[in-house]
2 protein chains.
Amino acid sequence: MADKDNSVNMVREGAKAAYHHGDLRAAVIAAGLARLEAGDGAELGLRALARDVGVSATALYRHFPDKEALLDALADEGLRRLGRLQTRAWTEAGGGAAGFKATGIAYVRFAHDAPALFRLSFTRQMPERQGEGRDDGGAVAYGLLRAGVGEMLPGAPDGDAAALHAWALVHGLAMLILDRRIAWDEDRVAAVVGLTFGGVG
Amino acid sequence: MADKDNSVNMVREGAKAAYHHGDLRAAVIAAGLARLEAGDGAELGLRALARDVGVSATALYRHFPDKEALLDALADEGLRRLGRLQTRAWTEAGGGAAGFKATGIAYVRFAHDAPALFRLSFTRQMPERQGEGRDDGGAVAYGLLRAGVGEMLPGAPDGDAAALHAWALVHGLAMLILDRRIAWDEDRVAAVVGLTFGGVG
DNA sequence: CTCGTCATGTTTACAGTGACAACATGGCGG
DNA sequence: CCGCCATGTTGTCACTGTAAACATGACGAG
C-alpha cells in the first residue's frame with residue numbers, strides 16, 4: 001500500500017521494454033521538444049519528461065548533470081533550428097536585400113511558431129566563459145546576420161552597430177509578440193523590418 | 001520536536017509583533033522588489049518573501065489569490081518605474097530628438113540596472129482581455145513612445161510602424177543584454193539607438 | 001563458458017515548493 | 001458588552017529536483 005509515498009516510480013506496462021533504453025538522451029531531447037511545441041506554457045518536469053520516454057525520472061541524471069543541463073541541450077537545438085530556418089529563407093529569397101529581409105522575418109516567425117522553444121533558447125543565460133570559441137547553436141544565426149549586413153552595407157560607417165541594430169530589432173519584435181505586448185501580424189512585421197532591413201518586400 | 005515536518009511555520013522572535021500587520025501587501029511588494037533588486041537570479045518564494053516581512057507564508061493568500069497575482073503586482077510596479085525613468089530622461093534632455101533618444105537609452109539602462117525586475121515585468125503575459133481599457137503600468141511607457149514618434153516624425157508615412165520599430169529596437173537590446181547575448185556598453189547602445197532614434201548624441 | 005566490470009536504469013528518500021482547509025486573534029460597529 | 005469578520009496561523013497535501021544505494025544486463029578476459 002505504498003500509495004502515499006512520494007515515489008518517483010514509473011509504471012512499466014509493456015513487459016517488452018528492455019532494461020536499457022538504447023538511446024535515452026536523444027529520446028529525452030525529442031520528448032522535450034515535442035512538449036515545448038505543444039502549448040506555450042508547456043511545463044516540462046523531469047518526471048513528466050521521463051514518463052514520456054517510459055523511464056524512471058532519475059534515469060535522466062545519467063545523461064544530464066541536472067535539469068539546467070537538459071534545458072541547455074533543448075535550447076541549443078532551438079537555436080540550431082532557427083539557424084536552419086534563416087538560411088533557408090535567405091536562399092529561397094535569392095539572397096541580397098530581399099534575402100536579408102526574409103532572414104529577419106523568419107526570425108520573428110520562428111518565435112511565433114515555436115514560442116516556448118524560442119523563449120527557452122534565448123532565456124538560457126550564456127556560460128560565463130563566453131569569449132572564446134563559443135560553438136553555440138546560435139553561432140549560425142549570428143554569422144548569417146553579420147554576413148547579411150556585410151553584403152547589405154559594404155561601406156557602412158559602423159557595420160557592427162548596424163548588425164546589432166538589425167538583430168535587436170527582430171529580437172525585440174519576437175519578444176514583444178511572445179509576451180503578447182503586440183499581436184502577431186506578418187504584414188506588420190514585414191513593414192517594420194523593412195524599415196531597417198531595406199528592400200521593398 | 002516537530003523538526004522534520006514540512007511546516008510552514010515562521011519563528012516569531014520579537015514579542016513586540018502585533019497579530020495584524022497593518023499593511024501587508026504593500027510590505028510584501030516592497031520585500032519582493034528588494035529581493036529582485038538584489039541579484040539577477042533572485043529567487044522569490046512565498047516562504048522567503050513572507051519571512052522577510054515577518055509573517056506566515058499563507059498569510060499572503062489574504063492579499064493575493066495566488067503567486068501569479070503577486071508577481072503581476074511586482075511586474076506592474078516595474079513598468080511604472082520604467083515609465084517614470086523615461087519621462088525623467090525625456091525632460092532632462094529637453095525633449096525633441098535628444099529627449100527621444102534619451103528615452104530609448106533609459107529603457108535599455110533600466111533593463112541593465114534592474115534585470116530581474118525588467119524581465120519579470122515583460123515576461124508576465126498580458127491578460128487575455130487586452131483590447132479594452134488596459135491600465136497597465138506599461139501604458140505610460142508606450143504613450144511616451146508614441147508621443148515621441150509623433151513629435152519626431154510628424155508626417156511619417158507609417159507612424160505606427162515607426163513607433164513599433166523604435167520600441168522593438170530598445171526592447172531587443174534590453175533582452176539581448178539581459179540574456180548575455182551581448183555585453184552592456186552604454187556607448188554602443190547609444191550608437192545603435194541613434195541609428196533609429198536620430199539625434200547626434 | 002564463466003566471471004567481473006561498468007554504463008545504464010530503478011528504488012527509496014529528503015528537503016523544498018505552492019496551495020488549501022480549519023482554526024486563532026483582535027479591532028470595530030451594533 | 002458582544003459578536004462579526006478581516007486578517008494571520010497551523011497543519012497538511014501533492015508536487016518538484018536531486019542524491020544514495022541498489023539492480024540489470026552487455027561485453028571482454030581468463
Side-chain angles (χ1 to χ4, degrees), chain A residues 1-32 35 41-75 120 124, chain B residues 1-32 35 41-75 120 124:
Chain A
M1 195 85 53
D3 195 9
K4 289 185 62 180
D5 65 352
N6 179 21
S7 175
V8 77
N9 298 359
M10 303 287 110
V11 185
R12 312 297 300 277
E13 0 196 304
K16 166 78 69 61
Y19 189 91
H20 289 80
H21 179 278
D23 192 2
L24 231 154
R25 164 142 197 139
V28 169
I29 292 185
R35 215 162 249 270
E43 314 168 2
L44 57 176
L46 290 197
R47 284 170 172 80
L49 220 41
R51 173 166 290 131
D52 287 352
V53 179
V55 107
S56 96
T58 54
L60 307 192
Y61 283 87
R62 295 292 153 185
H63 301 270
F64 304 93
D66 59 355
K67 191 188 183 184
E68 292 299 293
L70 204 174
L71 295 183
D72 281 344
L74 290 174
L120 179 72
R124 223 100 280 277
Chain B
M1 200 64 62
D3 194 11
K4 289 186 61 181
D5 65 351
N6 179 20
S7 175
V8 78
N9 299 359
M10 302 288 110
V11 186
R12 313 297 300 276
E13 356 197 307
K16 167 78 69 59
Y19 191 91
H20 289 80
H21 179 279
D23 193 2
L24 232 154
R25 165 142 196 138
V28 169
I29 292 184
R35 216 162 249 270
E43 314 169 1
L44 57 177
L46 290 199
R47 284 169 172 82
L49 220 40
R51 172 166 293 133
D52 287 351
V53 180
V55 107
S56 96
T58 54
L60 307 191
Y61 284 89
R62 294 291 154 189
H63 300 271
F64 304 93
D66 59 356
K67 192 189 183 183
E68 291 298 294
L70 203 174
L71 294 182
D72 281 344
L74 289 174
L120 179 70
R124 223 101 280 278

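Below, read A as the first sequence line, B as the second, and so on, with proteins coming before strands; counting in each chain starts at 1. Fair warning: this is a prediction, and the values are worked out from it, not measured in the lab.
Partners of A:Asp66 by salt bridge (Lys or Arg N to Asp or Glu O under 4.0 Å), not counting sequence neighbours: none found.
Of the listed nucleotides (D:dT9, C:dA19, C:dG9), C:dA19 has the atom at the smallest distance from the side chain of B:Leu46.
Using a 4.5 Å heavy-atom threshold, the side chains of B:Arg25 and B:Arg62 count as separate. Using a 4.5 Å heavy-atom cutoff, the side chains of B:Asp72 and B:Phe64 are not in contact. Residues B:Leu49 and B:Leu70 meet the side-chain proximity criterion, which asks for heavy atoms closer than 4.5 Å. Looking at heavy atoms from C-beta onward, B:Val55 lies out of side-chain contact with B:Val28 at the 4.5 angstrom threshold. A 4.5 Å side-chain heavy-atom check between B:Thr58 and B:Leu46 finds every atom pair outside the cut-off.
Within residues 60-70 of chain B, the residues approaching DNA chain D are B:Arg62, B:His63, by heavy-atom distance under 4.0 Å.
Checked by distance alone, B:Thr58 brings a side-chain donor or acceptor within 3.5 Å of a matching partner on the base of D:dT10. With hydrogens and angles ignored, a donor-acceptor pair closer than 3.5 Å exists between the side chain of B:Arg47 and the base of C:dG18.
Rounded to a whole Å, the CZ atom of A:Arg25 is 17 Å from the C1' atom of C:dG9. Atom CG of B:Leu44 is separated from atom C1' of C:dG16 by 15 Å (rounded to the nearest Å).
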